[in-house]
Amino acid sequence: QVQLVESGGGSVQAGGSLRLSCAASGYTYNSYCMGWFRQAPGKEREGVAAINTFGGSTYYADSVKGRFTISQDNAKNTLYLQMNSLKPEDPAMYYCAAGSPSYDCYSGSWSRLYAYSYWGQGTQVTVSS
């Protein structure tokens with residue numbers, strides 16, 4: 001049974017930082033993509049960042065480039081999202097996702113919801129101005 005458990009969310013002032021973690025168990029790291037998505041109330045879930053677990057390539061949404069950094073610790077089976085310079089538009093539920101091996105992880109696929117097989121329960125991020 002694959003489990004993805006996010007942690008690290010919370011409330012921070014604009015300009016502040018948070019580090020999200022996603023502890024994976026069950027299998028992962030056979031996936032091609034591990035990613036972070038977010039969903040704000042009334043909005044669709046959107047891709048934030050992803051990493052190709054084999055090649056290490058990283059992908060980011062334009063809205064977070066230069067502020068967020070995705071990384072992985074294979075020994076700990078943990079995915080991270082370092083979020084700096086948080087903005088009032090960043091608040092959302094943040095989800096960790098493990099990609100399906102049926103899809104290559106590349107710039108054209110990493111943000112597609114259907115490319116991911118497993119999802120965590122999410123961790124809430126709130127930013128106050």
Side-chain angles (χ1 to χ4, degrees):
Q1 182 73 17
V2 174
Q3 282 193 320
L4 302 174
V5 180
E6 303 96 335
S7 62
S11 182
V12 66
Q13 287 192 324
S17 298
L18 284 173
R19 187 195 196 200
L20 306 184
S21 299
C22 172
S25 62
Y27 88 99
T28 51
Y29 290 93
N30 290 325
S31 293
Y32 288 94
C33 258
M34 292 289 294
W36 288 98
F37 288 74
R38 66 185 181 187
Q39 188 167 17
K43 295 188 177 181
E44 293 185 352
R45 191 170 297 191
E46 63 175 359
V48 175
I51 187 166
N52 183 313
T53 59
F54 287 101
S57 296
T58 56
Y59 309 96
Y60 296 94
D62 288 342
S63 59
V64 306
K65 279 180 182 176
R67 301 189 297 124
F68 291 10
T69 302
I70 188 171
S71 61
Q72 61 181 5
D73 184 330
N74 290 343
K76 296 182 178 179
N77 266 10
T78 301
L79 184 73
Y80 301 100
L81 184 69
Q82 178 67 44
M83 305 187 296
N84 298 329
S85 302
L86 282 160
K87 298 180 178 181
E89 56 263 38
D90 292 320
M93 186 71 79
Y94 281 71
Y95 298 91
C96 170
S100 165
S102 299
Y103 295 94
D104 290 336
C105 184
Y106 69 106
S107 59
S109 69
W110 73 268
S111 62
R112 309 296 185 187
L113 298 180
Y114 59 71
Y116 293 83
S117 298
Y118 300 98
W119 296 82
Q121 293 300 307
T123 185
Q124 184 69 45
V125 171
T126 304
V127 179
S128 59
S129 55

Novice: Sequence neighbours excluded and cut-off under 3.5 Å, please list the side-chain donor-acceptor pairs for residues 119-129, or say none.
Specialist:
residue: T123; atom: OG1; partner: G9; partner atom: N; Å: 3.1
residue: Q124; atom: NE2; partner: A92; partner atom: O; Å: 3.3

Novice: Could you tell me which non-hydrogen atom of W36 sits nearest to which non-hydrogen atom of I70, and how far apart they are?
Specialist: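 Looks like CD1-CD1, 3.6 Å.
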Novice: Before giving the answer on side chain to side chain contact (heavy atoms under 4.5 Å, CB included), spell out for M83 and L20 the whole-Å C-alpha distance, their side-chain angles and the decisive distance to 0.1 Å.
Specialist: CA-CA 8 Å; M83 305 187 296; L20 306 184; 3.8 Å; yes
Novice: If hydrophobic clusters are built by linking Ile, Leu, Val, Met, Phe, Trp and Tyr wherever their side-chain heavy atoms come under 4.5 Å apart, do L79 and F37 end up in the same one?
Specialist: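 L79 does not cluster with F37.
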Novice: Side chains of D73 and Y80: closer than 4.5 Å at any heavy-atom pair?
Specialist: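 D73 vs Y80: side chains touch.
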Novice: Can you tell me how far the OG atom of S85 sits from the CZ atom of R67, to the nearest 0.5 Å?
Specialist: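 It comes to 7.0 Å.
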Novice: Output all residues satisfying side-chain hydrogen bond (donor to acceptor under 3.5 Å, both in side chains) with Y116, sequence neighbours left out; order by chain, then residue number.
Specialist: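 Expected list: none.
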Novice: In Å and rounded to the nearest 0.5 Å, what is the CG to OG1 distance from N52 to T58?
Specialist: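 OG1 of T58 is found 10.0 Å from CG of N52.
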Novice: With a 4.5 Å cut-off on side-chain heavy atoms, are S21 and E6 touching?
Specialist: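 Not touching, per the 4.5 Å side-chain cut-off.
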Novice: Once you round to the nearest 0.5 Å, how far does OH of Y114 lie from OG of S102?
Specialist: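 So the OH of Y114 and the OG of S102 are separated by 12.0 Å.
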Novice: What pairs meet the salt bridge (charged side-chain N to carboxylate O under 4.0 Å, His left out) rule with one or both residues in residues 43-57, with sequence neighbours excluded?
Specialist: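 Passing the test, one end in residues 43-57: R38-E46.
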Novice: Honestly curious: do Y94 and V64 fall in one hydrophobic cluster under the side-chain, below-4.5 Å linking rule?
Specialist: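 Linked, Y94 and V64 end up in one cluster.
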Novice: What distance do S17 atom OG and L86 atom CG have between them, rounded to the nearest 0.5 Å?
Specialist: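 So the OG of S17 and the CG of L86 are separated by 6.5 Å.
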Novice: Applying side-chain hydrogen bond (donor to acceptor under 3.5 Å, both in side chains), name anything that partners Q82, two or more places apart in sequence or on another chain.
Specialist: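 For Q82 the side-chain hydrogen bond (donor to acceptor under 3.5 Å, both in side chains) partners, ignoring immediate neighbours, are N84.
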Novice: With sequence neighbours left out, which residue pairs that include part of residues 54-63 fulfil the salt bridge (charged side-chain N to carboxylate O under 4.0 Å, His left out) condition?
Specialist: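 As it turns out, the salt bridge (charged side-chain N to carboxylate O under 4.0 Å, His left out) pairs with a partner in residues 54-63, which skip direct neighbours, are D62-K65.
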Novice: With rounding to the nearest 0.5 angstrom, report the CD1 to OG distance, I51 to S71.
Specialist: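 Output value for this atom pair is 6.5 Å.
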Novice: Taking the six-membered ring where the residue is Trp, are the ring centres of Y59 and Y106 under 6.0 Å apart?
Specialist: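 No; Y106 has its ring centre 6.0 Å or more from that of Y59.
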Novice: Which other residues belong to the hydrophobic cluster containing V5, where Ile, Leu, Val, Met, Phe, Trp and Tyr are joined when side-chain heavy atoms lie under 4.5 Å apart, directly or via other members?
Specialist: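 In the cluster with V5 there is nothing else; it is isolated.
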Novice: Is there a path of hydrophobic side-chain contacts, each under 4.5 Å between heavy atoms, that joins M34 and W110?
Specialist: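 In one cluster: no.
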Novice: Does the gap between the ring centers of Y32 and Y103 come in under 6.0 Å?
Specialist: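 No, too far apart.
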Novice: Is it the case that one hydrophobic cluster holds both V12 and F68, taking links as side-chain heavy atoms less than 4.5 Å apart, direct or via other members?
Specialist: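 Linked, V12 and F68 end up in one cluster.
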Novice: I'd like to check L4 versus Y95 (side-chain heavy atoms, cut-off strictly below 4.5 Å). Are they in contact?
Specialist: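 L4 vs Y95: side chains apart.
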Novice: Does T78 form a side chain to side chain contact (heavy atoms under 4.5 Å, CB included) with Q72? I'd like the steps, not just the answer.
Specialist: CA-CA 6 Å; T78 301; Q72 61 181 5; over 6 Å; no
Novice: Identify the heavy atoms of P91 and P88 that sit nearest to each other, and give their distance.
Specialist: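 Closest approach of P91 to P88, heavy atoms only: CD-O, 2.8 Å.
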Novice: Which value, rounded to the nearest 0.5 Å, describes the distance between S100 atom OG and R112 atom CZ?
Specialist: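 Those atoms lie 15.5 Å apart.
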Novice: How close do S111 and G47 get, heavy atom to heavy atom, and via which atoms?
Specialist: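 Nearest heavy atoms, S111 then G47: CB-CA, 4.4 Å.
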